[in-house]
Number of protein chains: 2
Amino acid sequence: MELEKTLKALGDSNRLRILNLVMQGELCVCEIEEILGLSQTNVSRHLNRLSVAGALKSRKNAQWVFYRINDDFMSEHPLLVEYLALSFEKIDACRLDTDKLKNKKASGTLMQCWSDTDRKNGKQKERC
Amino acid sequence: MELEKTLKALGDSNRLRILNLVMQGELCVCEIEEILGLSQTNVSRHLNRLSVAGALKSRKNAQWVFYRINDDFMSEHPLLVEYLALSFEKIDACRLDTDKLKNKKASGTLMQCWSDTDRKNGKQKERC
DNA sequence: TGCGTATATTCAAATATATGCATATACTAA
DNA sequence: TTAGTATATGCATATATTTGAATATACGCA
């Protein structure tokens, strides 16, 4: 049952926190790692779980892997996505994570990873 | 995290099947048992899990316990409830269960339990 | 090629969850 | 009071899930 699989994948606080972040824009594993304060191995596994459930998709850029919401998931589960978005706004942990994401983006301290273009242009403070 | 608790409780196919039935109207444990073909002990435990998560509430009538959707749950999670309702319509197992529920109601073969009023009035084929 | 970094995966252990069997508790009728 | 029925719960077990440590794989640079 797909519904069971989806809900089971979402039934974990860390995965919900990840989803909250990724719903605000594509992120690299290392970025999620830093914001949530989870181990790399754990983040990787949670991301995989969400991907297998169809919620996320990834692309690779050199050794960096970026994850973002799967458009199919959005179009197949609009009500669920909306429900989650509204729920995240009410959850302290998610709000703190979101604040942290915004602060790091604003201060440019979130850049372990960067695009080839940026690096070639010597723009070390930006990311693709 | 409440969201995690809710989604985790829903992340089980049997519990989803139960929710599908109960969303169509109040049911007694023995009725759910019969329609789903699960053991009494198992049904009881699933019902408890859903109740603890806030989705269901129960009332007792003699030795019979009737479960129905918790109104608070409906009003606190309208989008989720709608999402689930739409999802159940697309799931074969849930549709079969629903058919079974309707057939049994129509044929009056679903009546292990009945209200005191009905029994006193000798209306053995009806339930409150 | 060797080294450093990022990420996925393996292995092992701990924890959570689901279920069957047996039983306790609640209720009703004779 | 006894017997029958409905339901919840205890106990034990099997299975699923989660996580840390270690490691394999991919990539870039000197």
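By convention in this document, chain letters (A, B, ...) are assigned in the order of the sequence lines, proteins followed by strands, and residues within each chain are numbered from 1.
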B:Glu34/B:Lys104 ion pair, N-O < 4.0 Å = yes
Results of side chain to side chain contact (heavy atoms under 4.5 Å, CB included) for A:Val65 - residues two or more places apart only | A:Val29, A:Ser58, A:Lys60, A:Tyr67
Take the protein atom CG of B:Asp12 and the nucleotide atom P of D:dT17, then report the distance between them rounded to whole Å.
-> 11 Å
Is B:Arg15 salt-bridged to A:Glu4, cutoff N-O under 4.0 Å?
-> no
Length of the CD-P vector between B:Gln63 and D:dA8, whole Å = 12 Å
Nearest-Å distance, CD1 (A:Ile18) to C1' (D:dT18)?
-> 13 Å
May I ask you to verify whether the side chain of B:Gln40 and the base of D:dA6 hold a donor-acceptor pair under 3.5 Å?
-> no
C:dA6 phosphate, OP1 or OP2: any side-chain N/O from A:Tyr67 under 4.0 angstrom?
-> no
Could you state the CG-C1' distance from B:Asn14 to D:dA16, rounded to the nearest angstrom?
-> 15 Å
What nucleic acid atoms does A:Ser39 come within less than 4.0 Å of, heavy atoms only: base, sugar-phosphate, or nothing?
-> sugar-phosphate
Do A:Arg45 and C:dT10 have a side chain to base donor-acceptor pair shorter than 3.5 Å?
-> yes
Ranking A:Lys60 and A:Gly11 by the position along DNA chain D of their nearest nucleotide, the one closer to 5' is A:Gly11
Atom NE2 of A:His46 and atom P of D:dT19: how far apart are they, to the nearest Å?
-> 4 Å
Quick note, A:Asn42 side chain, CB onward, closest among C:dC27, D:dG20, C:dT19 is D:dG20
A:Trp64 CH2 to C:dT7 P, straight-line distance once rounded to whole Å | 8 Å
Whichever of B:Thr41 and B:Arg49 has its nearest DNA chain C nucleotide further upstream toward 5' = B:Arg49
